[in-house]
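Side chains included, hydrogens not; waters and symmetry mates left out as well; all remaining heavy atoms used. Every chain is numbered from 1 and lettered A, B, ... according to where its sequence line falls, protein lines coming before strand lines.
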Amino acid sequence: MTPEMLTYTTSLPFLAVMVSMAAVPLILISSNRPNMREFWTLAAAFVKFGLIFSLLPAALEGRIAEYTIIQIAPGIDLQLRADPMGMFFALVASSLWILTSFYSIGYVRGANEKKQTRYFASFAVCLSATIGIAFSANLLTFLIFYEILSLATYPLVVHKETDEAYRSGRMYLIYALTAGVLLIAAIGWTYALAGTVDFKPGGLLNGIIQDPWTAKILFLLFMAGVGVKAGIMPLHSWLPRAMVAPTPVSALLHAVAVVKSGVFGVIRVVGFVFGPEVMHAFGLNLILAVFAGTTILVASLIALKQDNLKARLAYSTVGHLSYIVLGMALISADGFMGGIMHLANHATMKITLFFCAGAIYVNLHKTEISQLDGIGKAMPWTMGMFTIGALGLAGVPPINGFVSKWFLCLGALQADQLIIVGIFVVSGLLNAAYFFPIVHRAFMRKGDESIARHGEAPLLMVVPICIVGVLSLVLGFFPNLVFHFYDLASTVAGNIMHAATGITTASVFP
Amino acid sequence: MSSSQIPVLIPVTFLLTALLIPLLGLINRSLAQVSAVIASGLALVFSYLGLQAVLSQGRISYHIGGWMPPLGIEFILDSLSAFLCVVFCGITLLVLIYGKTSVAHETPGKDIPFYSLTMLLLGGLSGMVMTGDLFNLYVFLEISALSGYALLGIGNRRASLAAFRYLTLGTAGASFYLLGLAFIFYSAGTLNMADLTQMLPFVQDTRPVSIGLVLMVLGVGLKMALFPMHAWLPDAYTYASSTATALIAPIGTKVAAYVLLRLMFFVADPDYMRHDLHLTQVVGYLGAIGIIWGSIMAICQKELKRMLAFSSVAQVGYIALGIGLASPLGFIGAVLHILNHACMKGCLFLFSGNLRLRLGHSTIPKFSDTLSRSMPWSSAAFALAAISMIGLPPTAGFFSKWYLALGSIEQSNWIFLAVLLVSSLLNAVYFFRIMEKIYLKPRNAGGNDSHGDAQQPVAVARNEAPGTMLVPTLTLAVGLLVLGIMNAWIITHVIHIMIPSGL
């Protein structure tokens, strides 16, 4: 902790984690009364957001809420801490859960999905785990929630119970569990080296790790552990396959909660476990930058070739996750800033796009991009919001995607890395190249008769779509609106760099 | 009653009940089970009181017949033996409650010998844990072994053959132990454990002592089903009745593991075992091979009980691996895993018993998603135990692996670390395979099941196991979560105290 950070004990973080877990039995027992069941989901979503939001004023003043649940192993507590970074992620996940809940209800009823109880129950567990990940004060607590998240996502991935779903589910499990055991090894090793696993801005291993090979192998173990969920190539293959899940799952979990937990893990590992100095001293940031940079370009190129709308969105997600990772690899204040901002901005934009894809599926039963000719006429609101999200991801101002990309480019310039600036620019163009044809088909081309007869998607879906779409736009103008994302991100970036005074940013890359 | 008599009270309770059951059975057959439950309940109370007394006052020694050790036989309750007693009396109590319906169903008409033998077995096992005398340990070992053979033999038709095989190998193991003991006695002149600890350093560089120790470890290793001496275990567990397996699988091999711990770290000098005889390493690497081998074999099995049996071979390997580390962390991991595995495997075998009662089989390819709807609670217990076996936090199974992993890292033993991690994945393979079958629709049945039809799932009659079987299963399953979350307390308050000084 930097000196100006004060901690105080309150059970609020714990309650925020547990509230959706507590809703699970209620959801299960009201299995036969769908309205009651959905009420519990919504109630949990609102209460969760309320609890997290109530922690925000203190966090902005530099006071950090802390709650120790129990000592889980000698010397290691199961501890939650709502530091600015955790607050940032928790706010993103919990606010979007509210919208996704409404949207989910519209979606599963509209698409006549089966086993809806299991669906909502698993969703609630996932959210508990995600907030747990956000508030974890140390690596072991992080690991516990990380594994719960892996398990709880599995029923959602195989939800359709088709052969394809089973195959994807197995693949997901193999990736997630392998990542889990590698993470166990990494955490155990860290504990053996440092005697503690508490996250610390500037790095808990700062000054402890001496041997370059230990640093490199340990870093790779960590990256394999969190990189699977963050979709860093070559560990990304599960993500496009997991798109077999119902669309709200893809939207919240595979654009926000699960993959962002992986990216959040990268942020924790880079900023709070290794720290800028260690990253720099052993060239770890170069390793990270190479993987992330390649991922951005390759994923964007693959996305160009996808005809399935969700698959294209999935590869786009893979690319954008690595924006954040690349931001971390820059090891400059603006790089951290941009990466962290992009965590929230990509979430609002990508969830808009996924919501739209789901609305198209429920309303018109279309999944392929080549079938989308002229649907802008039938679903003007949906496709309008799709356009906002697409423009934002391509980095067009004034949508919030521009803000984070601006900081990422500033960070790259700070680090004197023109190649990375180039990557951001090229990938922005590629984003435009794979999103524009969709918008073009929807609005410019003439569709067949059957489409014109359809109206908009159900209101329960269109309203959340409009809210997230408009949110993306508004956050572009006012990054600090309501959630104070900008302040939180700059506090985190400041805290991480605070400890690393030894680095002149120009010398970050060898 | 003063706490000084507790060491002897526990085995005596079991042995007396073993005699009492045939007599009570003459009056009313159902008394057999009731008295067995009461006896194990009493033993649990005694061992709990004993553990508390030990934790507050230190070890308790009871001299049988008033003869002073080292000549007389000494019963000792220290933190390790008291802890083990609490563990296995607790499991026993649950399994015996479970036995009420299960034994009557699977082995009708044999309940009186069944419970009488059970008590004899437990008398033998608790004696092995309590005794402070290596020869007396052999006596109890034989008591437990003989009753164990008979108990495993009460099963289906192939059980007697499997039990005979176990008998042959078990006798060989016991003979190795006895032979080794003779060498030690010849060199050190004493059989009392505490006395041997004093004497062995003076004679331990001689060949008879090293041969004796190797033979004893070999014998105990066989009893513990340490790879490659595990061949008896899968058959014996598979064909025995569910209650017998649920009793012997969590407890039997664990007591052997306890003897190994006692022998290598308390009786003998750990330093000598590690640096001169290299026995700890041998045990550790055999355990590591056993973990991988047992897991791979488990993946190949089609029968649930047989799969669990091979998984037991793997799980015993964890304990051996902890012994192989020969460090405080390894010791913590091994002892914690004795407790965790007892609960996990107990729960899983009870689940297989529930299946045998309701389905009449426990063949994995025949499982379907109707199971999770007809037996929701049993299935949930299975899922929780499986997650713990895989070693996902915050269940108990994660933490024993965590300490073992920390111990491996501490010694830079990357092979052990890799084995621990790979085994988690192998466990995941064979447990998720079953969970997929229980919870998800069968792969090829999707054809005639249209979309609208799926909305209204086919009604499946609730066919849950009866309360006497369900409650123990669920207790163990919930226990896994509690143990996982409470593990720090157990380690700091109980296991830390028992770490031998030589480590």
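Residue A:Leu78: no heavy atom, backbone or side chain, is found under 4.5 Å from chain B. Residue A:Gln71 touches chain B through both its backbone and its side chain, counting heavy-atom pairs closer than 4.5 Å. Residue A:Leu151 touches chain B through its side chain alone, counting heavy-atom pairs closer than 4.5 Å. Looking at B:Tyr439, only its backbone comes within 4.5 Å of chain A, counting heavy atoms on both sides. For A:Ile76, the part sitting under 4.5 Å from any heavy atom of chain B is the side chain, from C-beta outward, and nothing else. Looking at A:Leu173, only its side chain comes within 4.5 Å of chain B, counting heavy atoms on both sides. Proximity to chain A (any heavy atom under 4.5 Å) is shown, for B:Leu420, by neither the backbone nor the side chain. Residue B:Leu421 touches chain A through both its backbone and its side chain, counting heavy-atom pairs closer than 4.5 Å.
Closest heavy-atom contact between B:Pro393 and A:Ile148: O-CG1, 4.3 Å. Nearest heavy-atom pair across B:Leu417 and A:Ala185 is CD2-CB, 4.2 Å. The two residues A:Ala73 and B:Tyr403 have their closest heavy-atom pair at CB-OH, 3.1 Å.
Among the candidates B:Val422, B:Leu425, B:Ile390, the single residue satisfying the side chain to side chain contact (heavy atoms under 4.5 Å, CB included) test with A:Val181 is B:Leu425.
Between B:Trp489 and A:Ile70, every side-chain heavy-atom pair lies at or beyond the 4.5 Å cut-off. A 4.5 Å side-chain heavy-atom check between A:Ile72 and B:Phe398 finds every atom pair outside the cut-off. Side chains of B:Lys401 and A:Ile184 form no contact here, defined as non-hydrogen atoms less than 4.5 Å apart.
Here CD of A:Glu147 is found 10.5 Å from CD1 of B:Ile387. Values are rounded to the nearest 0.5 Å. One finds the CD1 atom of A:Ile144 at 9.5 Å from the OG1 atom of B:Thr395 (value rounded to the nearest 0.5 Å). Of the inter-residue distances, the one linking B:Leu406 atom CG with A:Tyr191 atom OH reads 7.0 Å to the nearest 0.5 angstrom. If you take CG on B:Leu392 and CG on A:Leu177, they are separated by 6.0 Å, rounding to the nearest 0.5 Å.
Side chains of B:Glu436 and A:Tyr154: a donor on one and an acceptor on the other come within 3.5 Å.
Other residues, nucleotides and ligands place no more than 12 heavy atoms under 6.0 Å from the CD1 atom of B:Ile415.
The choice from B:Ser424, B:Pro394, B:Ser408 that makes the most heavy-atom pairs within less than 4.5 Å of chain A is B:Pro394. If you tally non-hydrogen atom pairs under 4.5 Å between each of A:Pro155, A:Ala192, A:Gly180, A:Pro74 and chain B, the highest count goes to A:Pro74.
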